Every structure is written in C-alpha cells, then in structure tokens.
Amino acid sequence: MPELPEVEVVRAGLVPALAGARLDAVTVLDARSLTRHPGDARDFEARLTGRRVDAVVRRGKFLWMPLADAGAEPIEAIVGHLGMSGQMLLREPGTPTLRHERIRFDVRHPTHGEIAMVFVDQRTFGSLAIDRLERTPDGAAAGRGSDIPLVPTQVAHIARDPLDPAFDDRAFRTALGRTRSAVKRALLDQTVVSGIGNIYADEALWAARLHPERPANELPTRAVTRLLGEVRAVLDRALAEGGTSFDAQYVNVNGQAGYFAHSLNAYGRTGQPCPRCGTPIVRVSFTNRSSHYCPRCQRR
DNA sequence: ACTCTGGCCTGTGAGC
DNA sequence: TGCTCACAGGCCAGAG
C-alpha cells in the first residue's frame with residue numbers, strides 16, 4: 001500500500017537515473033505485471049527497447065515516464081502502479097535476479113552512466129504498461145515531475161491529488177456534498193481525490209476529528225475544509241519523513257524504508273491510547289479493510 | 001446514475 | 001513441528 005508520499009519518494013529517486021536516459025534492454029520475467037498493457041511481453045519489450053525517457057511524473061499513486069519523440073512532444077509513456085507491494089529499485093548493472101523481480105530495464109544515462117531499474121512486486125497487484133498520452137482538460141501540468149499537460153489515458157479518469165497546485169478544492173467540496181457515502185469511502189475514491197489510501201485516510205480523519213462512517217454530505221463545509229487541510233498536512237509530513245513503512249514492502253529506490261510509521265496516531269494502533277485523549281483506538285471492518293479511529297474524539 | 005461487492009495475488013504470523 | 005487460515009488492500013468490472 002504505497003500511497004502518495006511513498007510513490008513520490010520513488011518518483012524523486014528515479015529522476016536522476018531515468019530522466020533523459022535510454023532503455024538499452026527491457027526484460028519481462030512475469031507477464032502478470034503487464035495486465036494493463038494492451039500487448040504481450042514481447043510487444044512491451046520490443047516497443048521500449050532503444051527509447052529515451054523524458055521525465056518521471058506522478059499523479060496520486062500513478063507514475064509514468066513519457067517517452068521522447070525526436071523534436072515533438074511525447075505521444076506515449078510507460079505507466080506504472082505499485083499496487084500493494086510494488087517496488088521500483090535501482091541496482092548496479094548486472095545485479096542477479098531479485099526475489100519477486102517481474103521486469104528489468106537496463107538503463108543508460110548520458111552523464112550518470114548505466115543502471116538497472118527493477119520492478120519487484122510480491123503480490124502482483126501492481127502493473128506496468130505502455131499507454132497513449134492525452135491532453136489535460138484544464139491545460140495544467142498533468143502531475144508532479146513535468147510541466148507538460150499530457151496524461152496517460154489510464155490515469156486521465158482520476159482526480160488530481162491534494163498536493164497538486166491545480167487541485168480543485170471546490171470540486172472536492174462539491175463531490176463530498178453530493179454523496180451519501182461514508183466520508184472515508186469518498187477519501188479513498190480516486191475520482192474524488194487521488195493519492196489517499198487506508199493509512200492516510202485514517203490519519204486525516206483522526207486529525208480532523210471525524211468519524212470515518214459519517215455520511216459525506218452531512219459534513220458542514222467548515223468540516224470538509226478542515227479535513228482537506230488535514231489531508232494535506234499528513235501527506236506533507238509523511239513526505240518529509242520519506243514515507244511510511246510497516247513491512248519491507250514500502251521502500252525507496254534503494255530499498256530503504258521511511259520513518260513516518262513512528263508518527264501515526266490512529267492507523268494500526270488498535271487498543272493503544274489516542275494521543276489526544278487517551279481513549280483506546282478501535283478497529284472496525286470497513287469495505288473489506290480496516291478503519292482505525294478514536295471513539296471519543298471521532299463521534300459519529 | 002449512483003453505490004457497493006468480489007476478485008485479483010502472496011507472504012506472514014497467530015493459533016491449534 | 002507443521003498445518004490452516006485470516007489478513008494486508010488498490011483498483012476495476014460488474015452486480016444491485
């Protein structure tokens with residue numbers, strides 16, 4: 001469950017090695033990581049070999065690398081989603097096959113030299129694909145990492161994330177006002193706001209003192225504004241600490257974990273005292289996953 | 001039109 | 001010791 005901060009750590013880590021680099025070779029070891037690619041493994045390898053990567057861009061939890069097109073703007077990109085357990089690692093060229101390695105790119109950068117970019121994914125919920133780029137409806141940059149207003153078709157349907165300068169606060173408030181769904185469900189809906197997963201949803205709701213199952217359209221505008229502020233605050237803090245890590249799955253491009261797990265107030269703290277009032281945090285089942293909240297600070 | 005559920009996956013660890 | 005099983009949960013297709 002890498003969420004926005006973890007994916008941003010990966011994006012920033014890839015930039016020096018990948019932006020402007022050439023893909024000398026592409027090797028697919030497990031085609032299950034290509035479920036969102038329209039062709040087969042050979043097609044993926046053949047279409048990428050020899051191409052040059054322009055940039056590494058992120059919106060929400062999606063990453064993409066626009067492919068350079070001589071003298072023109074790029075028309076396609078490698079799109080990636082880490083799913084629950086995906087990692088994008090940088091290793092010395094020729095590094096032996098890693099555990100759960102799915103796809104390897106042998107990369108050559110004009111100034112930084114050769115490196116291996118390895119897609120590792122234990123649970124194979126993640127995927128890579130080649131996708132066409134289309135124009136953003138608002139004309140703004142499509143995501144963090146590039147000024148170009150081109151977004152992969154597979155990413156176009158999701159909302160911008162709350163750290164995106166072009167995020168539409170008013171559209172977010174409108175969307176919440178329009179649904180009777182639980183506010184947590186709305187936070188996890190990537191078409192409403194992207195980048196938030198179970199961890200940061202629980203953390204933002206705790207900070208805003210909102211019960212996860214409050215119907216979204218019953219929240220006063222003031223509460224929605226407060227919630228959005230807390231979403232941004234928790235994402236910013238996690239980013240500053242290099243992301244959250246609960247097990248070995250959430251790592252930067254060098255395989256190192258972040259520190260934000262030490263800063264969590266609600267998520268994963270079942271039975272431990274709420275840092276605000278001391279009441280034990282409770283855990284309830286919620287749409288096939290868990291919600292953690294303080295029953296005293298976060299009243300329904 | 002909107003809302004919600006199930007299925008895709010595999011490693012880990014608790015419990016017997 | 002070795003087995004089973006619940007759990008982690010983002011995303012999307014399809015059901016309701």
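Owing to the predicted nature of the structure, the values given are computational and were not obtained by experimental measurement. We use all heavy atoms of the structure for the numbers below, so side chains are in, but hydrogens, waters and symmetry mates are not. Here is the naming used below: chain letters follow the sequence lines, and residue numbers restart at 1 for every chain.
Of all the heavy atoms in A:Gln272 and A:Gly268, the pair that sits closest is NE2-O, 4.1 Å.
Looking at A:Arg123, its side chain comes within 3.5 Å of the base of C:dA8 through a donor and an acceptor atom.
Within the nucleic acid shown, A:Arg32 comes within 4.0 Å of sugar-phosphate atoms alone, with no base atom in reach, counting heavy atoms only. Among the atoms of the strands shown, only primed sugar atoms or phosphate atoms (P, OP1, OP2) are found under 4.0 Å from some heavy atom of A:Ser290.
Atoms CZ (A:Phe62) and C1' (C:dG10) sit 9 Å apart, rounded to a whole Å. Between the CG atom of A:Leu188 and the C1' atom of B:dT5 there is a distance of 15 Å, given to the nearest Å. A straight line from CG of A:Asp30 to P of B:dC9 spans 10 Å, rounded to a whole angstrom. Atom P of nucleotide B:dT3 and atom CD of A:Glu213 are separated by 16 Å, given to the nearest angstrom. Regarding A:His100, its NE2 atom lies at a distance of 7 Å from the P atom of B:dT12, rounded to whole Å. Remark: C1' of C:dC11 and NE2 of A:His157 are 8 Å apart, rounded to the nearest angstrom. Residue A:Arg180 contributes atom CZ, which lies 6 Å from atom P of B:dT3 at whole-angstrom precision. Between A:Asp189 atom CG and C:dA13 atom P there is a gap of 14 Å when expressed in whole angstrom units.
Between B:dC9 and A:Ser85, no contact under 4.0 Å exists linking OP1 or OP2 to a side-chain N or O. Regarding contacts with the backbone of C:dC11, a side-chain N or O of A:His81 is found under 4.0 angstrom from either OP1 or OP2. Of the side-chain N and O atoms in A:Arg289, one or more sit less than 4.0 angstrom from OP1 or OP2 of C:dG10. Between A:Arg102 and the phosphate of B:dC9, there is no side-chain N or O to OP1/OP2 separation shorter than 4.0 Å. Considering only side-chain N and O atoms, A:Thr179 lies under 4.0 angstrom from the phosphate OP1 or OP2 of B:dT3.
The SG atom of A:Cys274 sits 8.0 Å away from the CZ atom of A:Arg269 when rounded to the nearest 0.5 Å.
Between C:dG10, B:dT10, C:dC7, one nucleotide has an atom nearer to the side chain of A:Asn198 than all others, and that is C:dG10. Across B:dT3, C:dG10, C:dC12, the shortest atom-to-atom separation from the side chain of A:Arg36 is found for C:dC12. Comparing C:dG10, B:dT3, C:dC12 by their nearest atom to the side chain of A:Met84 picks out C:dG10. For A:Glu3, counting side-chain heavy atoms from C-beta on, the closest listed nucleotide (C:dA8, B:dC9, C:dG10) is C:dG10. For A:Arg185, taking side-chain heavy atoms from C-beta onward, the closest of the listed nucleotides B:dC4, C:dG10, B:dT3 is B:dC4. Closest to the side chain of A:Gln122, out of C:dC12, B:dT10, C:dA8, is B:dT10.
For A:Ser194 and A:Asp161, the side-chain atoms include no donor-acceptor pair closer than 3.5 Å. Side-chain atoms of A:Arg283 and A:Ser290 form a donor-acceptor pair, as typed in the model, at a separation below 3.5 Å.
Salt bridge annotation for A:Arg237-A:Glu203: absent, with no cationic side-chain nitrogen under 4.0 angstrom from a carboxylate oxygen.
With a 4.5 Å cut-off on side-chain heavy atoms, A:Arg58 and A:Val56 do not count as touching.
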